[in-house]
Undergrad: 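Got a structure for you, written out below as structure tokens; questions coming shortly.
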Amino acid sequence: MKQIVIEIIENALKELDVSVPENLSTLIETPKDYTNGDFAFACFSLAKELKKSPQQIATDLRELMHNPPEEFEEIQTSGPYINFYLNRKLLAQNLIQEIKDKGNDFGSAEALNKKLVIEFPSPNTNKPLHLGHLRNMAIGESISRIAQANGYEVVRANLNNDRGVHICKSMLAYQRWGEGKTPIDAEEKSDHFVGDFYVKFAEELKKDSKLEEESQEMLKKWEAGDSEIIALWKKMNAWALDGFKQTYKKFGITIDKEYFESQIYKEGKDIILGGLEKGIFQKREDGAIVINLEDEKLGEKVLLRSDGTSIYITQDIYLAKVKFDDFNPDESVYVTGNEQEYHFKVLFSVLDKLGLTDKEKLKHLAYGMVNLPNGRMKSREGTVVDADDLISEIQSLVKKELEARDTLEEKELENRSLKISLSALKYFLLKVDVKRDMVFNPEESISFEGDTGPYCQYSYARASSIMRKAGEKPEVIYPEELEDKEAELILKINEFKKVVADAYRTMNPALVANYAYKLSQVFNEFYHSCSVIDSIYKGLRLELTDSFRQVLKNALNLLGIQVIEVM
RNA sequence: GCCCGGGUAGCUCAGUCUGGAUAGAGCACUUCCCUCCUAAGGAAGGGGUCGCAGGUUCGAAUCCUGCCUCGGGCGCCA
């Protein structure tokens with residue numbers, strides 16, 4: 001479409017005998033207000049050369065444009081602007097047909113034959129998931145879906161941080177005070193059961209500072225393969241992982257490939273030594289192997305300890321190689337908090353220098369912190385918002401709302417309330433630009449009105465309700481001119497494909513969330529100003545309603561939000 | 001000190017990449033609208049030195065420079 005506009009302008013400029021600006025394409029903008037058309041050309045830049053006012057130039061150019069092609073309804077001047085109006089009826093016809101044909105695939109690109117590996121949520125097995133993990137999971141799952149919609153085959157990989165001194169702390173506390181109980185005895189979700197001992201450890205540590213040392217000793221025993229410690233570790237890890245699995249399922253994320261730190265933490269040494277031989281790394285006087293990244297302003301970074309053991313980055317280098325060996329992806333994305341930005345800059349640089357992979361294939365998707373109104377979440381201070389608790393709290397609020405409206409069977413109440421709660425939560429976590437820190441206010445932030453997930457679901461449910469009550473579907477007749485709200489709805493639907501592409505390009509699900517909201521808003525306005533069932537244009541309006549339903553469903557799906565037919 | 005992000009309405013955020021037409025939402029506040037497709041909705045209203053100062057440009061919330069301020073990072077931790 002834009003190409004047609006460019007040609008029209010080019011031809012007019014030639015007739016005026018003006019040189020066509022090289023960047024003409026970027027000079028054509030999309031007006032913010034649809035009443036100013038769908039494309040616009042501002043004539044300011046020509047004023048100097050032509051020695052005429054931009055208004056006059058606009059008028060002159062418009063005259064040279066003659067009649068627009070059928071894709072456009074009209075071309076108008078508005079002061080110094082020339083505004084191009086799409087033929088909205090034609091656009092509506094085409095879109096309605098395309099949406100019908102493609103259904104759930106509307107907005108998705110053709111398969112690219114490219115693979116993307118995305119790493120998330122990568123929890124530690126010493127305590128349950130918290131609000132930060134929910135943001136991680138919401139983003140990871142959404143980016144996965146957005147990548148799929150952009151034609152990628154996606155592998156969701158999860159690195160379980162299942163070893164280390166923090167894990168030993170939970171284990172030590174259990175050994176000391178657990179009395180051999182199990183989560184079943186305690187009637188508690190198993191990862192929470194494990195987490196309780198992590199908290200217990202922190203409490204006891206205040207009274208007895210020797211515990212710190214003891215946890216270090218336990219780690220050494222674990223590394224030495226002490227059978228008793230390994231058995232304890234296996235038992236508690238299984239509890240933690242089993243609990244996570246339940247939360248993943250409830251929250252609606254899937255994982256294609258599980259990696260475990262315990263299986264890779266010793267690896268990577270050979271790669272580092274190889275790099276040393278090639279002269280990419282240096283051996284420092286104290287024996288540590290380092291890389292100098294001064295030219296990238298990243299300083300010097302240790303890659304292998306002087307005693308020859310691995311550190312975090314060593315195993316991450318190894319894991320990167322494993323992932324490339326396992327899947328040979330075209331892109332590899334890591335979803336983590338932005339406090340790890342430095343680590344990933346170094347990691348990517350090392351991988352690139354080693355020739356293990358191309359830097360362009362690597363992407364660190366760093367999201368901002370989730371803060372509470374009174375500051376940062378701190379697990380030691382017990383100010384962490386637990387993921388499972390949060391979900392069930394919101395769900396009970398939704399249940400109350402639902403019960404106030406209608407009497408539902410227990411199963412339906414459970415199902416519907418869960419979908420609504422997750423939409424509230426996911427939308428809330430995704431609507432903010434990924435890179436930004438966000439404030440989570442439990443009382444105020446999770447509301448069901450206005451710019452929220454439930455608002456979008458409500459709009460969908462209303463559209464569904466219209467479709468159910470529609471009865472017979474008369475032939476589609478187009479009026480002389482579409483109503484404002486009809487046209488607006490069509491134009492908004494028309495933006496979806498661009499949103500899908502932009503969301504991937506910028507790795508930002510917020511674009512989709514904001515779009516879903518805006519689309520819902522436009523539909524609600526349409527709904528209020530244009531009666532559907534009781535209209536001579538019932539056929540057309542039913543088509544518009546159904547198209548809206550499909551596109552909103554597709555948009556929400558990219559956020560991992562499931563629609564419901566009845567609210 | 002250096003590096004990376006933020007600073008837009010009372011609050012939470014869009015818009016900044018790719019400069020243009022009166023800077024947009026939601027919440028909160030003041031009014032309306034359920035005889036009519038679900039009021040978790042719609043309509044109207046008040047509320048802004050777009051952190052500050054320069055610069056580039058016909059035109060700057062948007063680009064450049066400096067400064068202020070908030071958060072994060074700069075471990076042989078993960």
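Each chain gets a letter, A, B and so on, in the order the sequences are listed, and its residues count up from 1.
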Undergrad: Would you indicate what A:Cys530 reaches in the nucleic acid, counting non-hydrogen atoms under 4.0 angstrom: base, sugar-phosphate, or nothing?
TA: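 Base, at least one base atom sits under 4.0 Å.
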Undergrad: Just checking A:Tyr265 against A:Trp222, ring centres under 6.0 Å apart?
TA: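 Aromatic pair counts; centres sit under 6.0 Å.
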Undergrad: Counting any heavy atom closer than 4.0 Å, what does A:Asn514 reach on the DNA or RNA strands: base, sugar-phosphate only, or nothing?
TA: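 Contact class for A:Asn514: sugar-phosphate only.
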Undergrad: Can you tell me the pairing partner of B:A43 across any strand shown, Watson-Crick or G-U wobble, with both distances under 3.5 angstrom?
TA: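 B:U31 - that is the nucleotide pairing with B:A43, both distances being under 3.5 Å.
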Undergrad: Pairing check on B:C2: which nucleotide meets the Watson-Crick or G-U wobble criteria with it, both distances under 3.5 Å?
TA: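 Pairing partner, where one exists within any strand: B:G73.
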Undergrad: Do nucleotides 72-78 of chain B as a string where each nucleotide becomes B, S or -: B if the base has a protein heavy atom under 4.0 Å, S if just the sugar-phosphate does, - if no protein is that close.
TA: SSS-BSB
Undergrad: Tell me which residues in residues 457-465 of chain A put a heavy atom below 4.0 Å from RNA chain B, sorted by number, or none.
TA: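 The answer is A:Tyr458, A:Ala461, A:Arg462, A:Ser465.
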Undergrad: Of the options B:U38, B:C13, B:C37, whose atoms approach the side-chain atoms of A:Ile533 most closely?
TA: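 So the nucleotide nearest the side chain must be B:C37.
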Undergrad: Does NZ or CZ of A:Lys359 lie under 6.0 Å from the centre of the six-membered ring of A:Phe348, at an angle within 45° of the ring axis?
TA: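 No - A:Lys359 does not lie over the ring of A:Phe348 by the 6.0 Å and 45° rule.
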Undergrad: Taking any heavy-atom pair under 4.0 Å as a contact, classify A:Ala40: base, sugar-phosphate, or nothing.
TA: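 If one applies the 4.0 Å heavy-atom cut-off, A:Ala40 turns out to touch a base.
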Undergrad: Is the Lys NZ or Arg CZ of A:Lys323 less than 6.0 Å from the centre of A:Tyr334's six-membered ring, within 45° of the axis?
TA: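 Yes.
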Undergrad: Which whole-number value in Å describes the distance from A:Asn441 CG to B:C11 P?
TA: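 Spelled out: CG on A:Asn441 to P on B:C11 is 14 Å.
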Undergrad: Could you check whether A:Tyr455 and A:Tyr427 have their ring centres less than 6.0 Å apart?
TA: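 Aromatic pair excluded; centres sit 6.0 Å or further apart.
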Undergrad: Send over the distance from A:Leu50 CG to B:C58 C1', rounded to a whole Å.
TA: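 Atom-to-atom, A:Leu50 to B:C58, this comes out as 14 Å.
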Undergrad: For a quick check of understanding: with a heavy-atom distance under 4.0 Å over all strands, which category does A:Tyr517 fall into, base, sugar-phosphate or nothing?
TA: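 The residue A:Tyr517 makes sugar-phosphate contact but no base contact.
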Undergrad: A:Met438 has an atom CE; how far is it from atom C1' of B:C13, in whole Å?
TA: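 Taking atom C1' of B:C13 as the reference, CE of A:Met438 is at 10 Å.
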